[in-house]
Amino acid sequence: MEHLIKITFPDGKDKQYTTGTTAEIALKDFDKGLLKNVVAAQLNERYIDLSFPLNEDGLIKPVTIDSKEGLAIYRHSASHVMAQAVKELFDGVKVTIGPSIEDGFYYDFDSPRPFTPEDLGKIEKRMLEIIKKNMPFERSEIEKKVALKLFGDMGEIYKQELINEIPEDKVSIYKQGGFFDLCRGPHLPATGWIKAFKLTGIAGAYWHGNEKNKMLQRIYGTAFPTKQELEDYLYKIEEAKKRDHRKLGKELDLFSISDDIGSGLVCWHPNGAVVRSLIEDFWKKEHYKHDYKIIYTPHIAKVDLWKTSGHWEFYRENLYSPMDIEGQDFIVKPMNCPFHIQIYQSQIRSYRDLPIRYAELGTVYRFERSGVLHGLLRVRGFTQDDAHIFCRPNQLEDEIASVLNFTLYILRSFGFNNYDIYLSTRPEKFVGALDNWTKAESALKNALEKTGLPFQVDPGEGVFYGPKIDIKIKDMLGRAWQCSTIQVDFNLPQRFTVAYRGEDGKEHQPIMIHRALMGSLERFFGVLIEHYAGAFPLWLAPVQVIALTITEKNNDYAREVYDRLRKENIRVELDIRNEKLGLKVREAQLKKIPYMLVIGNSEEEKQVVAPRTRIGATLEPMSVDEFIGLVSKESKPNSAG
RNA sequence: GCCGGCGUAGCUCAGUUGGCAGAGCAGCUGAUUCGUAAUCAGCAGGUCAAGGGUUCGAUUCCCUUCGCCGGCUCCA
């Protein structure tokens, strides 16, 4: 029964249509020229196909290919095309789900035989054929019962499971050619709209992401509106590979992880150790400035300590087995907190003593499953830049605020200016007083708001012992790595009966804050390497300057320059090998040394040096003193380069 | 841990349908004394990840283990 509906356009104007008019027709009235970039429409809050018949009043908006949603729809359609290709090519394959993701899309299949890299080529070829046929994506709605039978008859058990999870009575189905799939949509009008795609990988993935379920075969792919954009993306991936810290770690001789030593255990080579020790020096200096006390604690402790802390009970999976020492069980430490508590408890503490801030670069060991290890970013032994603050409840907010500012200061000092910040609040299971939780959460929130930085609240995602702020640094591969964490803890003070003597002469329980600014030195170093592509800023560069002679006639003068820079604590090397300048420059360049000093007859005569930057610029020759001034000026945290 | 791929010289990688293991770079030796990303020549370098099996013969085929890579899962 047709009647009139009122459709409003984004510019506020409206028009009446008879019901059943498609979104496409309405959008054409709004803006004819726009339409070629439009892949779908949005009616009120709902995303719909262009062919969707309008049946109610509402605000319609075009969804263009250059929007986030538009691209997701485009890629989702590509995943359907892939599923069709796979179904056509391989017998006995069951389909499951195929969403769009950040950089593309995937589809999970239950296949009697795993896919091979060669299969990808075949699938791509078939996809091209499907695209060439330009088959429309046709939507239909059917009763759930009908859908169950339809998919059941085809043996699509996963689809049946999905249908059963849908609360509505009707489900929608999208069909292109002979292939149809349970899908909410929307989709592109037809397969021919897909202009550029590539299948990028095969991987196992558990059904519903649960490792107890069957492992499915996932095929990853990506799609872009134009071939150029696809090529740019693939180029970017290649470029990102060049920044991989594992590759650069080898090339620049920064660190190694040896099979003979064990997976996930890092050896810092001299070059990496220079960077680490500079980070540590900076870290210590800043901690003293911020009124922390630096401490050192042992690497192993009696297992009872971890029973008291609760780690033995809750995180047994990640702890290494005990070792017997004169009949007592010891374990290698997975955390530093119990030690810090012991130091706190070595004396009676007064309310006047608080806050007490203990900081330690504490090396801890945790068992990580072999499949998750990843270069420096996920290891089994690592050094936390850990600290524990013991404070009175009324000091909490100030402490949190200063920790947060301290964290951001440190991250910015290393050139990290982009982060994702999360505030995780009280989970269902928790310890501590509700009142304390509320106060702690608002303390964290207030502190975050004062920074003016955007953050996301993760309700219920806090740890059982307290709410927390996590800061993730984004690396050049687009991966977000959790580094900084600030956690309030009501649990450990209770378990260890940590106390201070209050103004009232009675015992009170302090609140503990755990915090790590860089997280672990290993992970932070890994992120740092990728961030700078191995070209560390001057203050962190393992070698800051290299003096390159032209012939051995210049050796004495070069040595003099070298000695003078050494005396100024500049990390300088001398290359007096009997090699051509071109070779020396190339090698220094590959080592990403910030400054090369070319030293030949003319420099020697004028008693100057001719600096060349690793970017390839040659500076005007200058005196050694001038150069020393230049280096010391640029060699500071958070300076560019 | 699970799924898939891979493991050949210090590094990057060829290769063997099962028959004495190859290159470039790096290293060493010698020559070259040179101006901003590779001077030339020679030499040396390997239990083909480890263990087991099939075979007259295995780096190659099969099994197991270890490690790495891409994901999944996990991550106080």
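Residue numbering restarts at 1 for every chain, and letters A, B, ... go by the order of the sequence lines.
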Pairs under 3.5 Å (N/O, protein and nucleotides 65-69 of chain B):
from, atom 1, to, atom 2, distance (Å)
B/G67, O3', A/S263, OG, 3.3
B/G67, O2', A/D259, OD1, 2.9
B/G67, O2', A/D259, OD2, 3.1
B/C68, OP1, A/S263, OG, 3.2
B/C69, OP1, A/R246, NH1, 3.1

task = Nearest whole angstrom, please: distance from the C1' of B/G27 to the CZ of A/R577.
result =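 Distance, rounded to whole Å: 12 Å.
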> When the distance from CZ of A/R366 to C1' of B/C75 is rounded to whole Å, what number comes out?
Replying inline: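 About 9 Å, once rounded to whole Å.
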For the ring pair [X] and [Y], is the centre-to-centre distance below 6.0 Å?
{"X": "A/Y233", "Y": "A/F224", "value": "yes"}
{"X": "A/F524", "Y": "A/F416", "value": "yes"}
{"X": "A/F90", "Y": "A/F109", "value": "no"}

Notebook entry, point to check: Looking for any heavy atom pair under 4.0 Å, which part of the strands does A/A205 touch: base, sugar-phosphate only, or nothing?
Noted result: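 Sugar-phosphate contact only.
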Original post:
With a non-hydrogen cut-off below 4.0 angstrom, is A/Y206 in contact with a base, only sugar-phosphate, or nothing?
Top reply: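 Result for A/Y206 = base.
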Tabulated below should be each protein N or O lying under 3.5 Å from an N or O of nucleotides 39-43 of chain B; please produce it.
from, atom 1, to, atom 2, distance (Å)
B/U39, O4', A/K580, NZ, 3.3
B/U39, O4, A/E579, OE1, 3.4

Side-chain N or O of A/Y220 closer than 4.0 Å to phosphate OP1/OP2 of B/C3: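 No, because none of the side-chain N or O atoms of A/Y220 sits under 4.0 Å from OP1 or OP2 of B/C3.
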Secondary-structure stems, RNA chain B, at least 3 Watson-Crick or G-U base pairs under 3.5 Å =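 Listed by first number, the stems are B:1-7 with B:66-72, B:10-13 with B:22-25, B:27-31 with B:39-43, B:49-53 with B:61-65.
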message = Walk me through whether A/K241 and A/E238 qualify under salt bridge (Lys or Arg N to Asp or Glu O under 4.0 Å).
response = CA-CA 5 Å; A/K241 274 188 196 157; A/E238 286 306 308; 3.4 Å; yes
